[in-house]
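Encoded as structure tokens, the structure appears first; notes follow it.
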Amino acid sequence: MASLGYSLQLLFLLLSVTAFTTRACVRKPVNVTYDQRAVLIDGERRMLISAGIHYPRATPEMWPSIIQHAKDGGADVVQTYVFWNGHEPEQGQYNFEGRYDLVKFIKLVKQAGLYFHLRIGPYVCAEWNFGGFPYWLKEIPGIVFRTDNEPFKVAMQGFTSKIVNLMKENELFSWQGGPIIMAQIENEYGDIESQFGDGGKRYVQWAADMALSLDTRVPWIMCKQEDAPANIINTCNGFYCDGWKPNTALKPILWTEDWNGWFQNWGQAAPHRPVEDNAFAVARFFQRGGSFQNYYMYFGGTNFARTAGGPFMTTTYDYDAPIDEYGLIRQPKWGHLKDLHAAIKLCEPALTAVDTVPQSTWIGSNQEAHEYSANGHCAAFLANIDSENSVTVQFQGESYVLPAWSVSILPDCKNVAFNTAQIGAQTTVTRMRIAPSNSRGDIFLPSNTLVHDHISDGGVFANLKWQASAEPFGIRGSGTTVSNSLLEQLNITKDTSDYLWYSTSITITSEGVTSDVSGTEANLVLGTMRDAVHIFVNGKLAGSAMGWNIQVVQPITLKDGKNSIDLLSMTLGLQNYGAYLETWGAGIRGSVSVTGLPYGNLSLSTAEWSYQVGLRGEELKLFHNGTADGFSWDSSSFTNASYLTWYKTTFDAPGGTDPVALDLGSMGKGQAWINGHHLGRYFLMVAPQSGCETCDYRGAYNTNKCRTNCGEPSQRWQVIHFQMLAKSLLVVSSARFLQLSTSCQHPFTRVSYSSCLAASYREPVSALRGDWR
């Protein structure tokens with residue numbers, strides 16, 4: 001692939017368009033209702049396949065191809081959450097631009113001829129920072145999230161109304177000629193409702209009434225809500241939803257989240273769900289009366305910037321989806337599911353002709369048949385739920401071989417059109433390939449290659465001119481907060497940065513002590529810490545820790561006289577799931593003390609603490625152009641680089657429109673930017689060596705099954721989309737806890753081409769892979 005010859009800068013920092021015109025798509029207005037069997041579009045029952053795609057997890061330039069891949073794969077509907085904190089980052093200040101241009105995204109779905117399912121929430125979970133809630137919401141006096149609490153209900157209704165009115169203004173509901181056929185209020189509230197008592201029950205009824213009052217004229221759903229009111233459809237989320245029933249016989253069976261993969265935390269092996277099992281679950285769902293099924297996710301994408309929730313969620317949200325993080329089709333998953341969808345569509349006339357689900361017929365000890373027959377149509381599903389043995393069964397006088405844990409679909413009740421365990425699609429593996437570069441060495445790109453065996457990525461290196469600049473540690477003197485108590489981190493940072501400095505000092509004297517305490521070995525004890533912390537004593541790193549509300553006991557060395565203690569506390573995404581999210585905090589809480597002193601323990605909980613939000617490089621927006629007052633760059637040697645260091649370099653942008661992958665395999669922990677685009681966090685935590693046994697699709701799936709990449713970093717590659725590549729490209733990334741080698745080489749890569757850029761840095765293994773897990 002030819003290089004454009006642009007000079008691109010890559011800056012590794014301490015944390016680290018193609019224009020298109022949306023054509024008008026004329027769609028006639030339709031009424032959407034439902035009965036006990038299915039969603040009705042203009043009075044016609046439909047069996048609907050839906051593709052979960054979250055618009056902020058891709059660039060707008062990617063949307064058309066992702067939507068088209070979903071349509072080509074057999075989807076009828078696109079489903080998304082609406083992300084409140086992306087759309088209203090400050091109270092009353094709205095953002096519907098760039099990756100948050102929801103209207104544009106829905107219009108593209110309409111242009112493709114697909115329907116749309118709008119999940120307003122506005123709580124979304126989604127492994128998204130704070131579950132989609134904007135930080136300012138928790139600071140409203142007297143607020144309690146997701147219960148019968150007036151401040152919360154006022155804010156929730158305001159945002160929900162804003163979204164509904166925006167849809168109406170743009171004529172996006174089905175009765176206006178738009179694609180939206182369903183909407184959702186709240187999200188998986190049934191999981192936590194009991195924790196709110198009667199207030200939770202009242203809240204469910206209020207949320208339903210509020211949604212219905214907005215006059216959307218499309219059905220509203222509540223997922224995982226067994227007590228959903230009569231005029232709201234309650235729906236199923238899970239790995240399997242066959243056999244699940246709504247809370248009244250007047251509602252259809254809908255599956256809003258078919259978990260066809262899983263999310264990943266730093267330090268975990270990569271999750272995968274075999275497509276044979278996913279196809280089995282979908283076929284069983286339609287076999288047993290289901291009528292709407294949505295893949296969560298059909299495209300997972302990327303948690304750009306600081307949108308990853310958790311805490312500890314990876315930047316990649318690939319989710320082992322049919323369309324991978326780079327926007328490429330993942331085979332055989334995409335192709336096998338496409339064949340499944342085609343078979344289900346062949347059965348649609350028979351499936352929609354019946355008013356009630358037919359009784360099953362047992363054609364073996366673990367083999368079940370359902371026959372749908374009405375109005376001259378006939379379709380049958382033959383299921384073998386034995387997880388070990390293939391069997392031959394008799395159905396309507398014919399013999400059928402059913403592999404273990406599989407469903408055969410007979411659109412005419414006679415001929416098998418599809419079996420969930422028999423894959424006909426080819427297999428692809430994403431690999432990085434080299435592309436020539438005119439200026440500073442080679443660049444790599446990722447591509448999907450048809451293969452039958454796994455191909456590992458090769459390590460190709462490009463000589464790059466790297467520069468480093470140390471981030472000052474500790475209190476900088478401006479914008480500080482001083483208190484004689486430990487302050488909760490989010491109350492100070494307002495979630496504007498991952499970073500908060502806690503600084504204090506203590507004086508150690510030998511007076512009254514028989515031994516000289518100069519050089520005393522003691523322990524600094526942090527009562528409760530979340531998520532990660534670096535501990536500096538007298539300007540030197542003493543140690544680090546990471547965990548969920550853990551106690552930290554760090555050995556430290558103190559000198560006679562004044563000793564400075566600087567703690568750099570770091571968040572790795574705000575909690576996205578659970579009750580009372582407004583009360584969850586971060587940072588260092590409880591108590592801080594020094595133990596093991598010759599004359600006893602010293603409490604620092606009421607000492608004078610100074611607090612500084614963020615890093616100096618963040619404050620000066622160093623990642624925009626790589627220059628700022630007070631920062632000087634050195635390219636002579638990285639051997640003595642600070643633990644808090646910014647790095648930058650330049651490279652030539654590859655030609656074409658394929659995405660690029662940044663290989664951060666030699667880095668430690670931080671964040672990365674390119675041309676001012678915040679790619680997200682990186683953290684080279686290594687997954688355990690065990691847990692990646694041979695994968696067998698047979699039998700019920702769970703999140704520990706079929707994992708890969710044991711003994712490797714959870715995420716090595718960081719996606720860069722071609723729209724981010726421009727003249728004078730600047731990539732900024734922040735490297736934490738890195739020991740730099742003298743060579744300045746590092747791989748970049750592309751997902752259709754590979755760009756090899758980065759520096760070969762080495763992190764202290766003990767800090768990241770030992771006590772941190």
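For the pair M222/I185, a side-chain contact is recorded, criterion being any heavy-atom separation below 4.5 Å from C-beta on. A 4.5 Å side-chain heavy-atom check between V32 and P219 finds at least one atom pair inside the cut-off. Taking the side chain as every heavy atom from C-beta outward, W244 and I253 approach each other to under 4.5 Å. When side chains are defined from C-beta on, R273 counts as touching F239, because their heavy atoms get closer than 4.5 Å. F304 places none of its side-chain heavy atoms less than 4.5 Å from the side chain of P56. Looking at M570 and K669, their side chains come closer than 4.5 Å, going by heavy atoms from C-beta outward. Between R306 and D498, the closest side-chain pair of non-hydrogen atoms falls below 4.5 Å. Considering only heavy atoms from C-beta on, L137 stays 4.5 Å or farther from E582 through its side chain.
Side-chain atoms of Q176 come within 3.5 Å of backbone N or O of K168 as a donor-acceptor pair. Using a distance-only test at 3.5 Å, with no hydrogens or angles considered, no donor-acceptor pair links the side chain of N170 to the main chain of V103. Put simply, the side chain of W262 never gets that close to the backbone of H272: no donor and acceptor are under 3.5 Å apart. Checking side-chain atoms of T496 against main-chain N and O of T493 turns up a donor-acceptor pair under 3.5 Å.
Residue D258 holds its CG atom at 4.5 Å from CD of Q293, rounded to the nearest 0.5 Å. With values rounded to the nearest 0.5 angstrom, Y115 atom OH is found 9.0 Å from S174 atom OG. Once rounded to the nearest 0.5 Å, the distance linking NE2 of H677 with CD of Q723 reads 8.5 Å. Separation of atoms OH (Y189) and CD (Q195) is listed at 9.0 Å; rounding is to 0.5 Å. Atom CG of L622 is separated from atom CG of L615 by 10.5 Å, given to the nearest 0.5 angstrom. Atoms CE and CD, on M297 and Q79 in that order, are 8.0 Å from each other to the nearest 0.5 Å.
A donor-acceptor pair shorter than 3.5 Å can be found between the side chains of D495 and N129. In the model, T316 has no side-chain atom that pairs as donor or acceptor with a side-chain atom of Q715 under 3.5 Å. Side chain to side chain, Y317 and E127 meet the donor-acceptor criterion of an N or O pair below 3.5 Å. Defined by atom type and a distance below 3.5 Å, a donor-acceptor pair is missing between the side-chain atoms of Q489 and N491. A donor atom on one side chain and an acceptor atom on the other are found under 3.5 Å apart for Y203 and E186. Judged by distance alone, the side chains of N549 and T528 never bring a donor and an acceptor atom under 3.5 Å apart. A donor atom on one side chain and an acceptor atom on the other are not found under 3.5 Å apart for Y123 and W84. Side-chain contact, Q268 with S714: no donor N or O sits under 3.5 Å from an acceptor N or O. With no hydrogens or angles considered, a side-chain donor-acceptor pair links E257 and W259 at under 3.5 Å.
Between H69 and W334, the ring-plane angle classifies as perpendicular under the 30° and 60° cut-offs. Ring geometry, W63 versus F105: the interplanar angle exceeds 60°, so the pair is classed perpendicular (tilted spans 30 to 60°). Relative orientation of the Y298 and Y295 rings is tilted, given thresholds of 30° and 60° on the angle between their planes.
Heavy-atom contacts from other residues, nucleotides or ligands closer than 6.0 Å to NZ of K494 number more than 12. Few gaps surround NZ on K71; more than 12 heavy atoms of other groups in view lie less than 6.0 Å from it.
When each of Y135, Y577, W548, F145 is checked for a ring pair (Phe, Tyr, Trp, His ring centres under 6.0 Å) with W584, only W548 meets the rule.
Taking 4.0 Å as the cut-off between side-chain N and carboxylate O, R99 and D101 do not count as a salt-bridged pair. With respect to D320 and R330, a salt bridge is recorded, a charged nitrogen being found less than 4.0 Å from a carboxylate O. Between K224 and D191, at least one side-chain N (NZ, or NE/NH1/NH2) sits under 4.0 Å from a carboxylate O, which counts as a salt bridge.
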Item to check | Derivation of the side chain to side chain contact (heavy atoms under 4.5 Å, CB included) call for L118 and T216 | outcome: CA-CA 11 Å; L118 187 69; T216 61; over 6 Å; no
Item to check | side chain to side chain contact (heavy atoms under 4.5 Å, CB included) assessment of H117 paired with F292 | outcome: CA-CA 11 Å; H117 181 202; F292 173 97; 4.0 Å; yes
Checklist entry - Can N237 and Y296 be said to form a side chain to side chain donor-acceptor pair (under 3.5 Å), step by step? => result CA-CA 9 Å; N237 291 357; Y296 189 101; over 6 Å; no
Item to check | Steps toward side chain to side chain contact (heavy atoms under 4.5 Å, CB included) verdict (L254, M182) | outcome: CA-CA 11 Å; L254 311 184; M182 282 197 301; 4.0 Å; yes
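Residues Q184 and Y81 come closest through the heavy atom pair NE2-CE2, 4.3 Å. For the pair S50 and V78, the tightest heavy-atom approach, listed with the atom from each and the gap, is OG-C, 4.2 Å. Heavy atoms only, all atoms of each residue included: I180 and V218 are closest at O-CG1, 3.6 Å. Contact record, V144 with T147: CG1-CG2, 3.6 Å, taken as the closest heavy-atom pair. Closest non-hydrogen pair, N260 versus A321, comes out as ND2-CA, 3.8 Å.
Checked against disulfide (SG to SG under 2.5 Å), C236 has the following partners two or more places apart in sequence or in another chain: C241. Judged as a ring pair (Phe, Tyr, Trp, His ring centres under 6.0 Å), and not counting sequence neighbours, the contacts of F96 are H87. Legend: residues meeting ring pair (Phe, Tyr, Trp, His ring centres under 6.0 Å) with F83, ordered by chain and number and at least two apart, are H54, Y55, W128.
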